[in-house]
*Asks:* 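Could you have a look at this structure, given as structure tokens, before my questions?
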Amino acid sequence: MKLEARGLTRRFGGLIAVADVSIELRTGRAHAVIGPNGAGKSTLVNLLFGTPRPDEGRIFLNGTDITLLPAWRRSRAGIGRSFQRTNLFPAMTVLENVRLAAQGSVHGWRLLRGAREDRGTRDTAVAALDQVGLTAFASDLAGALSHGQRRLLEIALVLATSPGVLLLDEPLAGLGAEETAPVVTLLRTLATNFAMLLVEHDMDVVFAVADEITVMVDGRVLETGTPDAIRRSGPVRDAYLGHRE
Amino acid sequence: MTRLGPRGNLFLAAAALVLASMPYWSGLYDMQLASTALIAAMFALSLQILTGAAGLVSLAHAGFFGVGAYTVYLLGAGSIFVTLPAAMLSAGIAAAVIGPIALRTRGFYFLMTTLAFGQMLFFLFHDTPLGGGADGVFLTRPSMMWTVTKSARPAVFLLLNLVTLSLMYLGLWWLMGTMFGHALLGIRINEDRMRATGHDVQRLKLIAFIVSGALAGLAGHMAALTDAFVSPEILDWHHSAEALLMILLGGIGVLHGPIVGAFALTLVREFGQSVTERQRLIEGMVILAAVLLLRRGLAGWRR
Ligand SMILES: Nc1ncnc2c1ncn2[C@@H]1O[C@H](COP(=O)(O)OP(=O)(O)OP(=O)(O)O)[C@@H](O)[C@H]1O
Ligand SMILES: [Mg+2]
């Protein structure tokens, strides 16, 4: 799969949150987006997913223009996104959370099949839980999970939609050091099978996972390149990396 | 919103049997009262899949009830096998026309938009020749399979309403177990995440709105049949609010809540009428007490 954005721009009043950003994602490659708070990373993810639409620029999925496609259609077309702020169905069980996500593309009369009985969605849901390692918690309420488990469920919900493109907005947000390691392993696995965009602040994680890195500052792309190139880049170090330690 | 398990449903079935046996032990007046409660229960239950399941609070619902009821009047006599589907169809069509516009809004704006549409339907029957007059009109009951004598009527309508409500309940119980039903629950809890995972939220809501409207039309049809009388009042938004009160009183979190609420409110009202002229005061106090003390309504008190 290939997701390509050209010249995306989005303004909020006088503020330009994303300015003329182009980015390309392909299966088997992980593209990290880094940048300071307010750089426009989440807005870029939002634009790629269709909420909101960009003021300027185009988005192509496998060559088809999807700039005007609503979010739910993008999901069905194979784009999955996770949220920086955990966004689940807290009052439902963990399994029902992923099952609902797996059910997203079901339409027509098939919707009248029993939710518990439908094998297709259930198998997808179980596989997604297994992939993130939450199988043991399947019957717990999502709202009762620990923060770390909720971040994993957040990813499971995306995987359950059977996407080809993953847009992950800070999947490690708020995780402790020991919680981070298994998620990084998961991200590395996912990176080989999906076209992945990874927004992440932790540079160790970024260098461990990414094949390509885009640095954003004030809505603009400061630089795009391989991890090595970014590590060596003077402007990036001055503008971003230098300020972080 | 949850559904009762087999044990709870057995309990409901037992209650239905008690009602079904009323012709053997109760007077005509009480059977008529039971019919009133059954119709109120159908109406409130039809709203439950919007409000309890999908989290949509609509004030247009009485309009669909009224369209169903007036369909009986507008068709003249005819057979119940014509009037019943026609009532559901016309109410469903009304919902299919109003739904796409009303569902563009959310929360408070949805409430106000449905209020406006509901009142438009009210005025359609109140102020135009279509409805046969602002004070209401008597109608000829459609023919059923047998001729029903006047004295047998309360018992026959009691049973007819009981069967209709039971079928409606069973249908919705089944529906809430399907993927469609689960999607509605997801919409109430987190509409945005539903969209993000590929659900066509707008369409799901519209289908729920239409099904719910058609079932309100069915309730209206049964009301017209039972009373042989329709008046524009049944389309007024107060009537929608009453259904919402019944849901609240009985329990918004359980499918059968509105049935419990409808019976409770009908009984409270009857009791209030017998002890005071200010029965609304008693109604209000009971609802307040139930909502404040029980939070989950009468049907949810155990949890
Ligand atoms: N819906 C909105 N309305 C107005 N301003 C917005 C909106 N969304 C984002 N912004 C602004 O756009 C800028 C970019 O925000 P964004 O959330 O994309 O940054 P970010 O790079 O994800 O930051 P963080 O690292 O804190 O998550 C910020 O100044 C933010 O205040
Ligand atoms: Mg962000």
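So that the names make sense, note that chain A is the first sequence line, chain B the second, and so on, each numbered from 1. From a predicted model like this one, the values you see are computed outputs, not experimental measurements.
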*Asks:* Using a cut-off of under 4.5 Å for heavy-atom pairs, which of Gly104(A), Pro163(A), Pro90(A) has the most such pairs with chain B?
*Replies:*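 The option with the most such pairs is Gly104(A).
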*Asks:* For Asp65(A) and Ile59(A), work out which heavy atoms get closest and say how close.
*Replies:*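 Heavy atoms of Asp65(A) and Ile59(A) come nearest at OD1-O, 3.3 Å.
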*Asks:* Below 4.5 Å from any heavy atom of chain B, which atoms of Phe89(A) appear? Answer side chain, backbone, both or neither.
*Replies:*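 Contact with chain B: backbone and side chain both.
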*Asks:* Using a cut-off of under 4.5 Å on heavy-atom pairs, state which of Asp200(B), Leu185(B), Leu175(B), Asp192(B) scores highest against chain A.
*Replies:*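 Top option by heavy-atom pairs under 4.5 Å: Asp200(B).
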*Asks:* Apply the test side chain to side chain contact (heavy atoms under 4.5 Å, CB included) to residues Met1(A) and Asn62(A): give CA-CA distance (whole Å), side-chain angles for both, the deciding distance (0.1 Å), then the verdict.
*Replies:* CA-CA 6 Å; Met1(A) 275 209 166; Asn62(A) 298 332; 4.0 Å; yes
*Asks:* If the test is side-chain hydrogen bond (donor to acceptor under 3.5 Å, both in side chains), which one of Gln103(A), Glu96(A), Arg116(A) qualifies with His182(B)?
*Replies:*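 Only one of Gln103(A), Glu96(A), Arg116(A) forms a side-chain hydrogen bond (donor to acceptor under 3.5 Å, both in side chains) with His182(B), namely Glu96(A).
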*Asks:* Between Arg113(A) and Thr178(B), is any side-chain donor less than 3.5 angstrom from a side-chain acceptor?
*Replies:*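 No.
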*Asks:* Is any side-chain heavy atom of Ile23(A) closer than 4.5 Å to one of Leu197(A)?
*Replies:*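 The answer is yes; the side chains approach within 4.5 Å.
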*Asks:* Using a 4.5 angstrom heavy-atom cutoff, name the option from Met92(A), Arg74(A), Glu117(A) with the most pairs to chain B.
*Replies:*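 Greatest number of close heavy-atom pairs with chain B: Met92(A).
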*Asks:* Checking Ile207(B) against chain A: side chain, backbone, both or neither under 4.5 Å from a heavy atom?
*Replies:*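 Looking at Ile207(B), nothing touches chain A.
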*Asks:* Taking side chain as everything from C-beta outward and backbone as N, CA, C, O, which of these in Thr121(A) sits under 4.5 Å from a heavy atom of chain B? Side chain, backbone, both or neither.
*Replies:*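 Only the side chain of Thr121(A) comes within 4.5 Å of chain B.
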*Asks:* Can you classify the ring geometry of Phe110(B) versus Phe209(B) as parallel (below 30°), tilted (30 to 60°) or perpendicular (above 60°)?
*Replies:*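 Ring orientation, 0 to 90° scale: perpendicular.
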*Asks:* Count the heavy-atom pairs under 4.5 Å between each of Asn87(A), Asn97(A), Leu157(A), Ile79(A) and chain B, then report the option with the highest count.
*Replies:*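 When all of Asn87(A), Asn97(A), Leu157(A), Ile79(A) are compared, Asn87(A) has the most.
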